[in-house]
Amino acid sequence: MPDHISSASKAPSPTQVIVIGMAVIVGILVVAALVLFLNLPDANAFNIRVERIFIENDALTQGGEIRLLEILAQSGTAFSDTLASYRFIIFVLLVFATALLIAALVSIVFLVTLARRMAEIEKSGIQVSSLVVSRDERIVQINDMEFKLTEAALETLSVLAEARLDDDILSGLEIESMISGKPEVDCDEASGATRIKRLRDHLGNQMMSELLIKNIARKGYVLAVEPGAIKMI
């Protein structure tokens, strides 16, 4: 029995979208250029008419009449040169239009790709390959970024890191109790939430800190870091 083939096609990549878009833009502009140039009058049309007048009117022998025909011939030449310059200007404008449309397409695809990547980051969380907490120096190193923390912020991060190593989720009440050394009945949730807020402020980048320290509804706070990536020194 043949395997079932899904009718859902794979979404095109940004590179494919750019290539297809460029091909469509160039194709449309080439067709427009052909239609425009084919409908422009012939540059020698005026000269051909003047030449026909010379041929069909042998009676035009007076000096003034011949001079008039010469002026008409010169006018035809000027018209031919002007039309040739117009053709070149139209060609240059079409090239600029193609370049601008391609640049706009690339910019749109880039922005859409960036928006998708940001959405993926927000969905999956920040990817932390290394988180080193130095208690003595009051420094935390996240990947290649280093942050100097206050004593209170470092204590909050240390509690969260130790809880992550134990695969625990801490509520604001538990965080406050562990840091202050008071029993949970003497602490409140708001104090722990305040400590989390101050830690996020010290980390600086709001998006990074929000994704690094996740708030799970009705459960508490947890570091979005694999336990193997955490190191306490």
Euclidean distance, Ile25 CD1 relative to Leu105 CG, rounded to 0.5 Å: 5.0 Å
Exercise: identify the closest heavy-atom pair between Leu170 and Val159: CD1-CG1, 3.3 Å
Could you walk me through whether Val133 and Ile233 pass side chain to side chain contact (heavy atoms under 4.5 Å, CB included), step by step? CA-CA 6 Å; Val133 180; Ile233 58 175; over 6 Å; no
Main-chain N/O of Leu173 paired to Ser177 side chain as donor or acceptor, under 3.5 Å: no
Decide whether Leu165 and Val140 are clustered together by the hydrophobic rule: side chain heavy atoms of Ile, Leu, Val, Met, Phe, Trp, Tyr closer than 4.5 Å, transitively. yes
Cluster link Ile108 to Val24, ILVMFWY, side chain under 4.5 Å: no
Single-linkage hydrophobic cluster, 4.5 Å side-chain cutoff, Phe91 and Ile102 together: yes
Quick check: closest heavy atoms across Ile139 and Glu146, and the distance to 0.1 Å? CG2-CG, 3.2 Å
Check whether any side-chain N or O of Ser191 sits under 3.5 Å from a backbone N or O of Glu176 as a donor-acceptor pair, and report yes or no. no
Linking I/L/V/M/F/W/Y whenever any side-chain heavy atoms sit under 4.5 Å apart, do Met232 and Ile175 land together? yes
Does one hydrophobic cluster hold both Leu199 and Val132, with members joined at side-chain heavy-atom distances below 4.5 Å? no
Between the CG atom in Leu223 and the CG atom in Leu160, the distance rounded to the nearest 0.5 Å is 5.0 Å
How far apart are the closest heavy atoms of Gly172 and Tyr221, and which atoms are they? N-CE1, 4.0 Å
Are there more than 12 heavy atoms of other residues, nucleotides or ligands under 6.0 Å from atom CD of Glu189? yes
Pair Leu29-Leu101, side chain to side chain contact (heavy atoms under 4.5 Å, CB included): steps then yes or no: CA-CA 10 Å; Leu29 289 177; Leu101 288 174; 4.2 Å; yes
Rounded to the nearest 0.5 Å, the CD1 atom of Ile179 sits from the SG atom of Cys187 at a distance of 10.0 Å
Using atom types as modelled and distance alone, determine if a side-chain donor or acceptor of Arg138 lies under 3.5 Å from a backbone N or O of Leu154. no
Got a second to check how far Leu149's CG is from Ser158's OG, nearest 0.5 Å? 8.5 Å
Between Lys148 (side chain) and His202 (backbone), is there a donor-acceptor pair under 3.5 Å? no
Side-chain ion pair, Asp168 and Arg164, N-O less than 4.0 Å: no
Ile169/Ile216 under side chain to side chain contact (heavy atoms under 4.5 Å, CB included): CA gap, chis, key distance, verdict: CA-CA 8 Å; Ile169 299 175; Ile216 301 177; 3.6 Å; yes
Quick check for you: to the nearest 0.5 Å, what is the distance between Arg195 atom CZ and Leu157 atom CG? 13.0 Å
Answer yes or no: is there a side-chain heavy-atom contact under 4.5 Å between Leu131 and Gln141? no
Given Glu162 and Arg135, is the salt bridge (charged side-chain N to carboxylate O under 4.0 Å, His left out) satisfied, shown in steps? CA-CA 13 Å; Glu162 291 172 355; Arg135 295 178 182 271; 2.6 Å; yes
Measuring only between side-chain heavy atoms, which start at C-beta, is Ile196 closer than 4.5 Å to Asn215? no
Spacing of OG1 belonging to Thr194 relative to CG belonging to Asp188, to within rounding of 0.5 Å: 8.0 Å
